[in-house]
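Convention: sequence-line order gives letters A, B, ...; per-chain numbering from 1. FYI, side chains are in, hydrogens and waters are out, and symmetry mates aren't considered; it's all heavy atoms of this structure.
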Amino acid sequence: MEALNVIFSVAFLAAVLRVSTPLILPALGGLISELGGVINIALEGIMLVAACTGVLVSVWTQSAWLGALAGVAMGTFVALVLAFFHLNLKADLILAAIALNLLASGGTIFVVYLVTGDKSSTSRLVSGQMPFLSDFIPGVRALGEIGRLLDQNVLTYAAFVLTAVVALFLYRTRTGMHLRAVGENPEAARSVGINVRRMQYLALVLSGVLAALGGVYLSMGYVKFFARDMTGGRGFIALAAIYLGARKPLGVLIAALVFGAAEALSIQLGNLRVPTQLVQIIPYFATLAALVIYAVVQRQRALARQRAFVQSRAAR
Amino acid sequence: MPSPLLVPMSQNTPYIVEMRDISKVYPNGVRANDHVTFAVRPREIHALVGENGAGKSTLMKILYGMERPSSGQIFVRGKPVSIHSPHEAIALGIGMVHQNFMLVPSFTIAENVVLGAEPVRRRLLDYKAAVAITRQLSAQYGLEVDPEAPVEAVPVGMRQRVEILKALYRGADVLILDEPTAVLTPQETHELFTAIRQLVQSGKTVIFISHKLREVKEISDRVSVMRNARLVDTVDTAAVTEEQLARMMVGREVFLHVDKAPLRRGEPVLQVRSLEYVTEAGVETLKGVSFNVHEGEILGVAGVEGNGQTELVEVIAGLRPATAGQVLLCGQDITNASPRQVRQAGVAHIPEDRLTNGAALSMSIAENLIVDRYERPPFTRGGLLQPTAIKENAEWLIEQFAIRAPDGDVPVGSLSGGNMQKVVLARELSAQPKLLIAAQPTRGVDIGASEFIYEQLVRARDNGVAVLLVSADLSEVLSLADRILVMKDGQITAVFDNTPSLTEEEIGYYMLGVKRMSAEAIAARA
């Protein structure tokens, strides 16, 4: 009963939005790269680099916005490196991305150690935080529970707006259409004069920008410090969200929210008398279950399509 | 957009496209086009025919800017041009419909038609305009499509119309159709021909690549025949018969002399019983084929390509599942056995496409020579590959089969066609098979290597191997085979003993379906 009360509360909904943000943003980025035919496995590493850079630059400049800007720039740079390795030097995309993830994990904490002498986090530094809605409209706090729901970080709002922007880009612009054509049949795209490599560069760079925004949110919104491996596999859960969301922007948003809800639930239940081990597996179990459901649905759809085809042939 | 056809022709050329003295030599020394001169009149349907590998695709790739000629000149509407990319070809009003379609499956037909040159309104895609454009072109040229259906959901015939619409949308006046009927059902072929005629009536010119002579006779105004990288002749279609065209295509200038010992025919090795095969797309390519191949004989399978020979070979080799019927090897049922089981039962297979199925191009000669036996001693002991045994095996076979290569470590892809085929032959014959299937064994192979391959096939026969030879080259079949079986539309239409009185003309009648033996006569001889 207690658990149900927790789930059906405004506070829980607010928590879902908070923890979903660093999944939605990289998942949108991953979606663009996937549709461009160059799935970006380095989302995790890009998020880490962006999170770390954001914190350090915000400390140095005393500006959260400059920190965020630097974080996004650095994350995008990592994506560019990946694109260069894969598209120019013909390195395997997956291997190059794994290398970058490992480099990001060790590299960020190394820099943190150089700067602070601490090998675990930047909690001793006073770093910036991206503003919340109440920083612009102080009145929201007075709205009680609804106010708490609305008082989200600017990057949480950005995640929802960007879902629409990404959808518009992919399906209503020429560039987006070219990008999808390249991902699905590069030969066909090349034969009509589309520059395949340029489109794949674009796909990877955009995925870098979005993943970096997710990373910046983690260290400068969700919390106010950088900690070793603080992404905790969110870059990989984001990848799962792409497929669970059927490779469509709205689907990806919903999938990321489902994963976010599972994570929020595990946090809330942690406060109750439920074994922590059990609680901690919820997000991963949700991921697994979601992927199984997705696979089953896809198979049934394929079977139905086949049956329809056979019937239409028979009818002829 | 204004049609370039309205631009007056410069000079007094009767041709819209003229390719003069075109040669193409690939870096590996293969000569694909040898001083070819090819000219197309405006508003004609010009068929370009020839066996696979005769050079027609290369010639058209040169015209479409996908390949550069080694020498020669191209004129479009009388003006000399050099075409460096498909983009430039399109700008000159030349469009090409490839055999494997260049379409994005999840996109709708309208999206595919406009891809790369999309209509835009207020900086966003104007999908409605794309649909309207597609509808309009579709109506104008009688190419019926459903603009809003995703390409993956429509039949092959409609996909092909989408490709033609794509070319028309980009302003093509000359349309190159690369074996357009290869993937179509007879009904779809009929629809395509109607559409082609309508295209020509509205001022377009069509180049129709094919090796199906019946279709060429039906649709074209003029025919150019290619053979062995050369253009044999260009003639008015009405002035020639299918038989004459077939002779021009197959030719008989290279008549290699083959010494054969008298036939010592033994027990049947391969028995094929009422074999049927239906492709995934539902096309029946084998319709009840039955025959035997005996110890010590070469059975040649003749026929125009695409009459079920490829499927027959691949079903026997275990590469495709039979839909019905039986394949027996020395009495043992190997129907639908895996390729490895088929090989272990004693079948060796020289596939018709050595570049994809015959050899792993990036791997070495030594590795290619053991791909069918690497897991057995002496090449593997205790789960580990034995480099010395592999090397010795390679050295021995390189010498025995006169493969021209410095050593066994050379990647097969760097060899010439003839030497590559010798590697395949060496592997297959050294497996000491009971049955050797040789599909197009000398295609793209120089004369010297061809002669060597003939000798080896005959030697295998003399040693008691049953040889099933499938070849589109009639003179090859006539000089090697002891018995000849003719395939047409997935059926056996004739079986001959190869006596000196048997002529190419006679076989040709059966290949083209003009004549046909009775079922009893076939059953008695097959």
Side-chain angles (χ1 to χ4, degrees), chain A residues 31 34-37 90 92 164-200 203 242-243 245-249 251 298 301-316, chain B residues 61 64-66 85-91 95-108 110-130 149-157 159 162-163 166-167 169-170 185 187-188 278 280-283:
Chain A
L31 173 68
E34 160 70 11
L35 291 179
K90 306 287 170 209
D92 185 274
V165 172
V166 166
L168 188 78
F169 166 70
L170 286 172
Y171 292 95
R172 296 298 310 278
T173 66
R174 289 189 63 185
T175 315
M177 185 170 169
H178 291 183
L179 189 142
R180 287 184 296 125
V182 163
E184 201 172 324
N185 188 347
E187 278 307 306
R190 193 173 288 126
S191 77
V192 294
I194 295 170
N195 186 329
V196 173
R197 187 194 286 186
R198 191 189 300 163
M199 279 301 135
Q200 297 194 321
I242 298 169
Y243 300 103
R247 302 163 84 232
K248 294 269 177 7
Q298 284 295 305
R301 261 196 219 151
L303 283 176
R305 239 199 328 261
Q306 245 169 35
R307 245 176 270 133
F309 179 70
V310 170
Q311 273 162 8
S312 74
R313 276 185 60 86
R316 270 205 303 181
Chain B
K61 280 182 181 167
Y64 193 56
M66 293 165 76
S85 71
H87 231 55
E88 294 180 24
I90 292 165
M96 182 155 177
V97 174
H98 301 271
Q99 222 175 330
N100 42 340
F101 301 144
M102 300 278 187
L103 298 172
V104 184
S106 77
F107 283 23
T108 64
E111 284 172 328
N112 267 289
V113 168
V114 301
L115 183 64
E118 302 86 353
V120 172
R121 211 163 64 103
R122 280 187 273 143
R123 308 188 66 194
L124 292 180
L125 285 175
D126 192 348
Y127 181 64
K128 276 187 193 140
V151 161
E152 62 197 351
V154 305
V156 174
R159 291 183 200 188
V162 176
E163 283 282 15
K166 261 171 81 179
Y169 172 63
R170 286 164 178 75
T185 63
Q187 175 58 23
E188 286 172 328
V278 180
E280 279 160 41
V283 182

Fill in the blank from the handout: For A/Pro186 and A/Val196 the tightest heavy-atom approach is O-CG2, 3.7 Å
Problem - Any A/Tyr171 side-chain heavy atom under 4.5 Å of A/Arg180 side chain - result: yes
Problem - Most chain B-contacting option - heavy-atom pairs closer than 4.5 Å, from A/Arg174, A/His178, A/Arg190, A/Glu187 - result: A/Arg174
Exercise for the section: Output all residues satisfying salt bridge (charged side-chain N to carboxylate O under 4.0 Å, His left out) with A/Glu34, sequence neighbours left out; order by chain, then residue number. Expected result: A/Arg247
Exercise for the section: Check whether B/Leu103 gets within reach of chain A through its side chain, its backbone, both or neither, counting any heavy atom under 4.5 Å. Expected result: backbone
Fill in the blank from the handout: Of B/Gly116, B/Pro86, B/Ser85, the largest count of non-hydrogen pairs under 4.5 angstrom with chain A goes to B/Gly116
Exercise for the section: Check side chain to side chain contact (heavy atoms under 4.5 Å, CB included) between B/Ala149 and all other residues, then give those that pass, not counting sequence neighbours. Expected result: B/Asp146, B/Val154
